[in-house]
Participant: 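Attaching a single structure in structure tokens format; questions to follow.
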Amino acid sequence: MKILLIHGPNLNMLGRREPGIYGSTTLPQIDAAMRERAEAAGATLLAFQSNHEGALVDFLQAEGWDAAGIIINPGALTHYGLSLRDALASLSAPIVEVHLSNVYKREAFRHTSVVAPVATGQIAGLGWRGYLLALEWLLGEQT
Ligand code: DQA
């Protein structure tokens with residue numbers, strides 16, 4: 001069972017980037033914790049980060065078709081990334097949209113997600129553990 005973990009622009013800077021909002025856990029630490037949990041459940045986790053929307057679309061086109069689940073934090077592309085949204089919409093795997101911060105408590109432009117209508121569900125505001133919760137849900141969906 002293959003699960004994709006996808007991170008959009010600027011998420012490679014976690015730990016240094018506005019830690020008061022996004023926390024001090026780094027992206028490699030998140031990916032490692034997620035991989036450990038997935039492997040304990042007999043699943044394979046494929047993690048990918050890019051600052052470029054097209055690279056995220058390329059990754060989804062290459063790896064999305066046989067994925068059992070997709071966890072994605074699209075970063076700012078959440079709010080305007082229509083080609084990313086279309087790439088997600090073309091896939092049949094369940095999709096969980098994750099945000100570290102509670103985007104609904106922040107600036108108005110963050111209140112709209114173009115990804116949410118094609119996602120199965122969303123987790124926002126629970127910090128990096130939101131990813132683990134998304135993974136637990138996906139693992140439970142498969143059993
Ligand atoms: C974010 C929220 C977005 O608005 C922002 O552009 C990000 C991170 C979050 O995880 O809270 O890059 O997706």
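Whatever order the structure lists them in is the order used to number ligands and atoms, beginning at 1. No hydrogens, no waters, no symmetry mates; every other heavy atom, side chains included, goes into these values.
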Participant: Compute the centroid of each ring, for Tyr104 and then for His99, and state whether the two points are separated by less than 6.0 Å.
Facilitator: no

Participant: Looking only at protein heavy atoms, which one is nearest to atom 5 (C) of ligand 1, and how far off is it?
Facilitator: Arg110 NH1, 3.3 Å

Participant: Check whether any heavy atom of Tyr22 sits under 4.0 Å from an atom of ligand 1.
Facilitator: yes

Participant: Establish, from distance only, whether the side-chain atoms of Glu53 and Asn51 form a donor-acceptor pair under 3.5 Å.
Facilitator: no

Participant: Are any of the side-chain heavy atoms of Phe59 and Leu46 separated by less than 4.5 Å?
Facilitator: yes

Participant: Counting heavy atoms only, which part of Arg17 comes closer than 4.0 Å to ligand 1: side chain, backbone, both or neither?
Facilitator: side chain

Participant: So, Thr44 versus Glu39: side-chain donor-acceptor pair below 3.5 Å or not?
Facilitator: no

Participant: Below the 3.5 angstrom mark, is there an N/O of Ala76, backbone or side chain, next to an N/O of ligand 1?
Facilitator: yes

Participant: Which bit of His99 is near ligand 1, meaning a heavy atom under 4.0 Å away: side chain, backbone, both or neither?
Facilitator: both

Participant: Ile30 and Leu4: same hydrophobic cluster, using ILVMFWY side-chain contacts below 4.5 Å?
Facilitator: no

Participant: Which protein non-hydrogen atom lies closest to atom 11 (O) of ligand 1, naming both residue and atom, and how far is it?
Facilitator: Ser101 OG, 2.6 Å

Participant: Verify, without hydrogens or angle tests, whether Trp65 (side chain) and Gln61 (backbone) share a donor-acceptor contact under 3.5 angstrom.
Facilitator: yes

Participant: Give the single entry among Glu107, Met13, His79, Glu18 that approaches atom 4 (O) of ligand 1 most closely by any heavy atom.
Facilitator: His79

Participant: Heavy-atom distances under 4.0 Å decide this one: backbone, side chain, both or neither, for Leu100 against ligand 1?
Facilitator: both

Participant: Give the residue, atom name and distance (to 0.1 Å) of the protein heavy atom nearest atom 2 (C) of ligand 1.
Facilitator: Val103 CG1, 3.6 Å

Participant: What pair of heavy atoms forms the shortest contact from Leu139 to Ala43, and how long is it?
Facilitator: CD2-CB, 4.1 Å

